[in-house]
Every structure is written in structure tokens, then in C-alpha cells.
Amino acid sequence: MKAIIQRVMKASVTVGDEVVGSIGRGLCVLVGISRYDTPKEMEYIVRKVLNLRLFDDDGGKRWAKNVMDKQFEVLCVSQFTLCVTLKGNKPDFHEAMGPDLSQQMYQEFLKQLGAAYSPDKVQDGKFGAYMQVDIQNDGPVTIPLECVPAGPNDVKKADKRAGKQSTSNVKSDEAADSSPSESQSSPGASGLT
């Protein structure tokens, strides 16, 4: 699962002539769901979105407060194009989860964000629609975040390794790796590519 988290002064989503989601200060989160994602990856991204310290405190100390501390809003936009692979110059989206399953997972993602924070502070666009997203990035501050699930090849390799290890080694490895594998840039990263 991938997320592009942007600190914003305001953000909105328009479908046709209708504004379907709009926030003031807070975070705009573009969300890409891959075909191997599970609730484990989703829970990790929810936790990070709400706990990343991207805001100043009242004394002006930078990177001190999260969106909940500041009581700011979150606007989420489902974006399968984050799961792109390139074949030359042509984008390929076969790594994205199919529309029916990804819609269910995206709705659960929104539900968990609201439950962990406040449902009235979480807005979204319109799943599967052609949207215009207006983002006034504050900083700019943009944090790319990825939680990589185990794909079929990784699962097979892990099973083979586990078969060669003793039970005690497997248990200690599992305890040491209690979070999903992740790839995250430094807090100073900015800009979309």
C-alpha cells in the first residue's frame, strides 16, 4: 500500500461541477492499494497518517505535532496510479488491486481513519470517478510512504527459509520483525514525481 501524504493549507476534490470533499488545514492523502495488500498494510498506513509529526507546536517548534494534536482535517483520494510500473514509457497498472476489492479496502481504510481519529475530520473524493484535486501544499511538505506486502514469490521464499530454520529461530525472527516492511523518505522530502 502506498500513500503520498501532503501537508496542506486547504484541499478539495471536484467531480464534474460538484465539490465532493473539501478541507482546510491538514493532510491530503493520495492512497494506492496494490493487489497483495492486506488489512495489516492498511492498519500501518492509517497509523502513520495520523501520527506523523508534520506540524509546528504552539511555540513554533517544527515537526512536533500530528494532525490529531492540531485537530486538523484529512482528505483522502483513492489513486490506483500510485501502483504503477513502467514498460518503457508506458504506465502499467497490473500491480493495483482490482476495482471491487480495492473499493472495499479503501472504504475500510476511511472507516479506520475515522474510528481512530474523528469521522467528521476525515473526507474523501469519489472512488473510481474522474476527479479534479486541488491541493495547496504547505511548505511544501510531501511524504511518500509505502508498506510492502509479501507477494507470492516472497511468501514461497519465506516458507522455504522457515523450513530450514529451527522453530526457535523462526519465533525470534517474527518477534524482531513485528511491523510490516516499509520504505519511507526523510521528513524533509517534498514534491511529487
Side-chain angles (χ1 to χ4, degrees), residues 1-15 18-34 37 39-84 105-127 129 131-149 176-193:
M1 192 169 203
K2 295 182 180 181
I4 303 294
I5 303 168
Q6 299 183 76
R7 187 178 72 185
V8 299
M9 295 301 291
K10 62 182 179 178
S12 63
V13 179
T14 304
V15 176
E18 179 188 1
V19 175
V20 296
S22 178
I23 64 168
R25 290 200 71 189
L27 300 175
C28 182
V29 183
L30 309 177
V31 181
I33 303 171
S34 84
D37 283 331
K40 184 177 181 181
E41 288 77 39
M42 178 179 56
E43 290 162 9
Y44 173 82
I45 297 291
V46 166
R47 193 169 61 249
K48 283 295 186 185
V49 166
L50 295 177
N51 289 291
L52 278 173
R53 294 181 300 187
L54 302 180
F55 300 94
D56 298 353
D57 67 12
D58 293 338
K61 182 179 177 185
R62 301 190 76 195
W63 316 112
K65 298 290 182 181
N66 63 44
V67 70
M68 297 186 296
D69 295 332
K70 301 296 281 186
Q71 289 294 296
F72 290 157
E73 298 171 290
V74 180
L75 175 64
C76 296
V77 181
S78 175
Q79 190 171 4
F80 74 92
T81 60
L82 290 177
C83 299
V84 68
M105 185 168 276
Y106 178 68
Q107 292 304 322
E108 183 61 26
F109 174 78
L110 295 172
K111 184 178 173 183
Q112 286 193 24
L113 268 178
Y117 184 20
S118 173
D120 63 324
K121 297 280 189 184
V122 177
Q123 295 199 34
D124 72 304
K126 186 173 180 181
F127 187 92
M131 297 175 273
Q132 301 296 315
V133 183
D134 185 21
I135 301 167
Q136 185 177 340
N137 196 315
D138 178 25
V141 173
T142 301
I143 306 294
L145 186 63
E146 182 173 7
C147 185
V148 182
D177 186 22
S178 59
S179 66
S181 60
E182 62 185 273
S183 166
Q184 180 178 347
S185 69
S186 65
S190 65
L192 286 172
T193 55

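- What you find for C83 and G32 is that their closest heavy atoms are SG-C, 3.8 Å.
- One finds the NZ atom of K121 at 6.0 Å from the CD atom of E73 (value rounded to the nearest 0.5 Å).
- Ionic pairing of K65 and D56 is not present here: no N-O contact between side-chain nitrogen and carboxylate oxygen is shorter than 4.0 angstrom.
- Pairing each heavy atom of A3 with each of V29, the nearest pair is CB-CG1, 4.0 Å.
- For the pair C147 and P149, the tightest heavy-atom approach, listed with the atom from each and the gap, is O-CD, 3.4 Å.
- Counting heavy atoms from C-beta on, the side chains of V74 and I23 never come closer than 4.5 Å.
- For the atom pair CD1 (I5) and CG (L54), the distance works out to 7.0 Å, reported to the nearest 0.5 Å.
- Scanning all heavy atoms of the two residues, the minimum distance from A64 to R53 falls at O-CD, 3.6 Å.
- The OG atom of S12 sits 10.5 Å away from the CD atom of Q136 when rounded to the nearest 0.5 Å.
- Within the 4.5 Å cutoff, side-chain heavy atoms of L50 are placed close to those of V67.
- Using a 4.5 Å heavy-atom threshold, the side chains of L113 and C76 count as touching.
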**Q.** side-chain contact (heavy atoms from CB on, under 4.5 Å) between L75 and L27, intermediate numbers included
**A.** CA-CA 6 Å; L75 175 64; L27 300 175; over 6 Å; no
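- Between F72 and F55, the angle of the ring planes goes over 60°, which puts this pair in the perpendicular group of the 30/60° scheme.
- With hydrogens and angles disregarded, a donor-acceptor distance shorter than 3.5 Å links the side chain of D37 to the backbone of M1.
- Contact annotation: the side chain of W63 never approaches that of D57 to less than 4.5 Å [non-hydrogen atoms, C-beta and beyond].
- At a threshold of 4.5 Å between non-hydrogen side-chain atoms, the residues V77 and V133 count as touching.
- With hydrogens and angles disregarded, a donor-acceptor distance shorter than 3.5 Å links the side chain of Q71 to the backbone of M68.
- The NZ atom of K126 sits 13.5 Å away from atom OG of S78, with the distance rounded to the nearest 0.5 Å.
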Q. Going through the distances and angles, do Y106 and D124 end up as a side-chain contact (heavy atoms from CB on, under 4.5 Å)?
A. CA-CA 10 Å; Y106 178 68; D124 72 304; 3.2 Å; yes
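- Of all heavy-atom pairs spanning V8 and I135, the tightest one is CG1-CG2, 3.5 Å.
- The closest side-chain heavy-atom distance from T142 to N137 is below 4.5 Å.
- Rounded to the nearest 0.5 Å, atoms OH (Y44) and NZ (K40) are 11.5 Å apart.
- Using a 4.5 Å heavy-atom threshold, the side chains of K10 and R25 count as separate.
- Looking only at side-chain heavy atoms (C-beta outward), T14 and D134 stay at 4.5 Å or farther from each other.
- A donor-acceptor contact shorter than 3.5 Å is absent between the side chain of Q123 and the backbone of G21.
- Taking 4.0 Å as the cut-off between side-chain N and carboxylate O, D58 and K70 count as a salt-bridged pair.
- Between atom CG of residue L82 and atom CD1 of residue I33 there is a gap of 10.0 Å, rounded to the nearest 0.5 Å.
- In this structure, the side chain of N51 does not engage the main chain of K48 through any donor-acceptor pair within 3.5 Å.
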